[in-house]
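Structure record follows, encoded as structure tokens.
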2 protein chains.
Amino acid sequence: MEKRVSLKDIASRVGVSVALVSYVLNGKEKEMRVSAEVVAKVRQAAEEMNYEPNQIARSLRMGATKTIGLVVADISNPFFGHLARIIEDEAFKSGYTVIFGSSDEDEEKSAMVLRTLQNRQADGYIIVPSEGTTRQISGLLRKKRPVVLVDRYFPELNCSHIVLNNYQATFDATSHLIGKGCKRIALVAYRTSLIHMKERIRGYAEAMSVSGLPWEDLLIEVEFGHTQAETDNALNKFLEKNRNVDGMVFSNNGLSLGGLYYMQKYCIRVPRDLAFIGFDGGEAFDLYPTPLSYVSQPLEEMGREAVKILMDQLHGTNRITQIMLTPTLIIREASPC
Amino acid sequence: MEKRVSLKDIASRVGVSVALVSYVLNGKEKEMRVSAEVVAKVRQAAEEMNYEPNQIARSLRMGATKTIGLVVADISNPFFGHLARIIEDEAFKSGYTVIFGSSDEDEEKSAMVLRTLQNRQADGYIIVPSEGTTRQISGLLRKKRPVVLVDRYFPELNCSHIVLNNYQATFDATSHLIGKGCKRIALVAYRTSLIHMKERIRGYAEAMSVSGLPWEDLLIEVEFGHTQAETDNALNKFLEKNRNVDGMVFSNNGLSLGGLYYMQKYCIRVPRDLAFIGFDGGEAFDLYPTPLSYVSQPLEEMGREAVKILMDQLHGTNRITQIMLTPTLIIREASPC
DNA sequence: CTTGTTTGCTTAAACGTTTTACCTAATTAT
DNA sequence: ATAATTAGGTAAAACGTTTAAGCAAACAAG
């Protein structure tokens, strides 16, 4: 580890004080009326010595790290990976760096990640909150840390958020299948108290209800920490009891994918044997023998806006912004092949 | 922003010096022989006041941030997302946090990301290096920063790395197709000087050569910043000239996926019309009408070992470790449906 | 010729830790 | 009894910045 060059090094080389070097390198030479001659010398020395500011020292002094703490369920999930990327780019534009952690939808893990991010003095937080983390979030809010929740939120919490209109998402999806003539449509959802799932279930239920179709027995709720085998099992049991199901709506990307694996394993042809609507799309959806229909989220917008809201709060606004984005139903028919 | 509680706050509440509080909270009460009574009082106060150490201040003082800088091509690419996740978990076990940046395989962007990570005083770096970044890496090495390259490396650089045996990967893949009776096998690769691609091309060429098959005209090199349309175009041109091609090997996951999109668009049935071997697998590969064969990388091992090597270097070893992992060819036959 | 202003720079404190050096009182050894 | 040791603690410097405050010299205004 070679010693990094500091302001002091430049100062002593040029023969001026540390303060002066700081002023020059921060472009405050005008206000601080530094002589042109000194400015030039400092600039040159900094250049030659390859000076790079120590952000840690600066953070300590300024009480701000220019860092955003990002908590997602799992960075390796393409949905969150993509979101992270958008946030990274957007944050970078404002001079912020992202430090992230995956919560695995687990309360304890979430707490650990959040503690780490706080120790590192993140200036603000963008969080995809897991079940049971209300207190963790409200803890942040109590400390007046800027927080933006994404994808889900807690209705009882007075906190900025940006989420999909989840109700509309499944309402539209289900309605579309009904319009196509389906009558026994199942919804596959996670068993969780998180609002986004509740809303997706509600949208489905409502769509079925307004068409006078029963749905209570057609709701499949699987556990969060599911393996593919367990999902298969749940679906098997369900389909044995309900042989007349003619359509399925899946309520997030993991479940959709799990559903497709299931269909493949048990040779159920989509959409010939069963109509199918997934959530979030992806390569597997595009490349399926017959391209699959799905609910599309405006992910770019979600990420961009999340950062924008956070930046507002970081720059002093106390405003709480809660945004609901509109999903798009991507309908695809049989391919030309 | 409420004020965070510091050692000073605890000290003044308990009525002792800051130093003492630091000792107690760092478990040095024995060596520093702090009285049991004071230890208890400090502990309790810290608990009650909800003290969390300021990692920034600690970093400044200690000259180490317990931070790993991770540079990948694109965090939203599942390959890198997965890698990031493994690294995150592994780093966490050792008390390290990850700060990351996406380079987009771009020299300039890579430089910016690297500069940011350096400003933030990352203790060590795990990097998927882009083309033309040799100098950036050697700059880090010159400053004696621990660096581990992943997925690719620079032969001329004396730096730790962990990569796939890329030669073997395409050699095996190509050989397998030859064994299946293919004679006109194309390789789709990126046009780049990066070693991993060169090796993948070499493996392919060698496999063809040892079977006495010509390959020079069957190598398709596409540009890095390709759009799907451009890839389609290149493939179209190529296939028009070479109608007798009976197999294709793709040399990374992006290209494989691009290939599949192409096949779909132009109604080329895999593997009926054309044998196909992809790189890296993924959902789309599993769910393809007939599951696709691909080269599988031991991603977990790659991530875990990368962190382990870095940790060794962070703990003072000067040893340079260069590891080459063995790929597995996943062969899948037509599905039972 | 004083007084005030501008110019150009320096000093020093502060951010929250860690850690070295030092201090005093009590105890033990001589 | 005095000297040496130990127990239990404090003071202060240091990490690299930023920034408020100050200060001397030069200059302008009265």
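All values below were derived from every heavy atom in this structure, side-chain atoms included, with hydrogens, water molecules and symmetry-related copies excluded. Naming: A, B, ... by sequence-line order, numbering from 1 per chain.
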Fit a plane to each ring of B:H161 and B:Y153, take the angle between them on a 0 to 90° scale, and name the class: parallel (under 30°), tilted (30 to 60°) or perpendicular (over 60°).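 Judged by the thresholds at 30° and 60°, the geometry between B:H161 and B:Y153 is parallel.
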Select base, sugar-phosphate, or nothing to describe what B:S22 touches, counting heavy atoms under 4.0 Å on all strands.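 It contacts base atoms.
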Measure the distance from [atom1] on [X] to [atom2] on [N] and round it to the nearest whole Å.
X      : N      : atom1 : atom2 : value
B:K66  : C:dT17 : NZ    : P     : 17 Å
A:Q121 : C:dC15 : CD    : P     : 14 Å
A:N54  : D:dG16 : CG    : P     : 7 Å
B:I56  : C:dA14 : CD1   : P     : 21 Å
A:Q118 : C:dG16 : CD    : C1'   : 17 Å
A:L7   : C:dA12 : CG    : P     : 18 Å
A:E29  : C:dG8  : CD    : P     : 13 Å

Within 6.0 angstrom of [X] [atom1], more than 12 heavy atoms from elsewhere:
X      : atom1 : result
B:K109 : NZ    : yes
A:Q322 : CD    : yes
B:E37  : CD    : no

By nearest heavy atom, map A:A57 and B:M62 onto DNA chain C; which one lands nearer the 5' end? A:A57
Report, one line per pair, each donor and acceptor closer than 3.5 Å where one atom sits in a side chain of residues 42-49 of chain A; sequence neighbours left out.
| residue | atom | partner | partner atom | Å |
| --- | --- | --- | --- | --- |
| A:R43 | NH2 | A:E29 | OE1 | 3.3 |
| A:R43 | NH2 | A:E29 | OE2 | 3.4 |
| A:Q44 | NE2 | A:E48 | OE2 | 2.8 |
| A:E48 | OE1 | A:R13 | NH2 | 2.2 |

Considering just the side-chain nitrogens and oxygens of B:Y51, establish if one lies under 4.0 Å of OP1 or OP2 belonging to C:dG16. no
Counting only side-chain nitrogens and oxygens, does A:K8 get under 4.0 Å of the OP1 or OP2 atom of D:dT17?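 A:K8 to D:dT17 OP1/OP2: no side-chain N or O under 4.0 Å.
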Of all heavy-atom pairs between B:R4 and B:D9, which one has the smallest distance, and what is that distance? O-OD2, 3.7 Å
Minimum heavy-atom separation for B:S94 to B:K66, with atom names?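 Scanning both residues completely, I find the closest heavy atoms to be O-NZ, 3.9 Å.
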Which residues within residues 31-50 of chain A lie with some heavy atom under 4.0 Å of an atom in DNA chain D?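 The stretch gives none, as no residue of it lies under 4.0 Å from the strand.
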Using distance alone, with no hydrogens and no angle criterion, decide if B:R145 and B:Q118 have a side-chain donor and acceptor under 3.5 Å apart.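 No - no donor-acceptor pair under 3.5 Å links their side chains.
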Would you list the protein and nucleotides 10-14 of chain D atom pairs, both N or O, that sit under 3.5 Å from each other?
| residue | atom | partner | partner atom | Å |
| --- | --- | --- | --- | --- |
| D:dT10 | OP1 | B:S17 | N | 3.4 |
| D:dT10 | OP2 | B:S17 | N | 2.9 |
| D:dT10 | OP2 | B:S17 | OG | 2.8 |
| D:dA14 | N3 | B:R61 | NH1 | 3.4 |

side-chain hydrogen bond (donor to acceptor under 3.5 Å, both in side chains) between A:S76 and A:D74, worked out: CA-CA 5 Å; A:S76 72; A:D74 179 7; 3.0 Å; yes
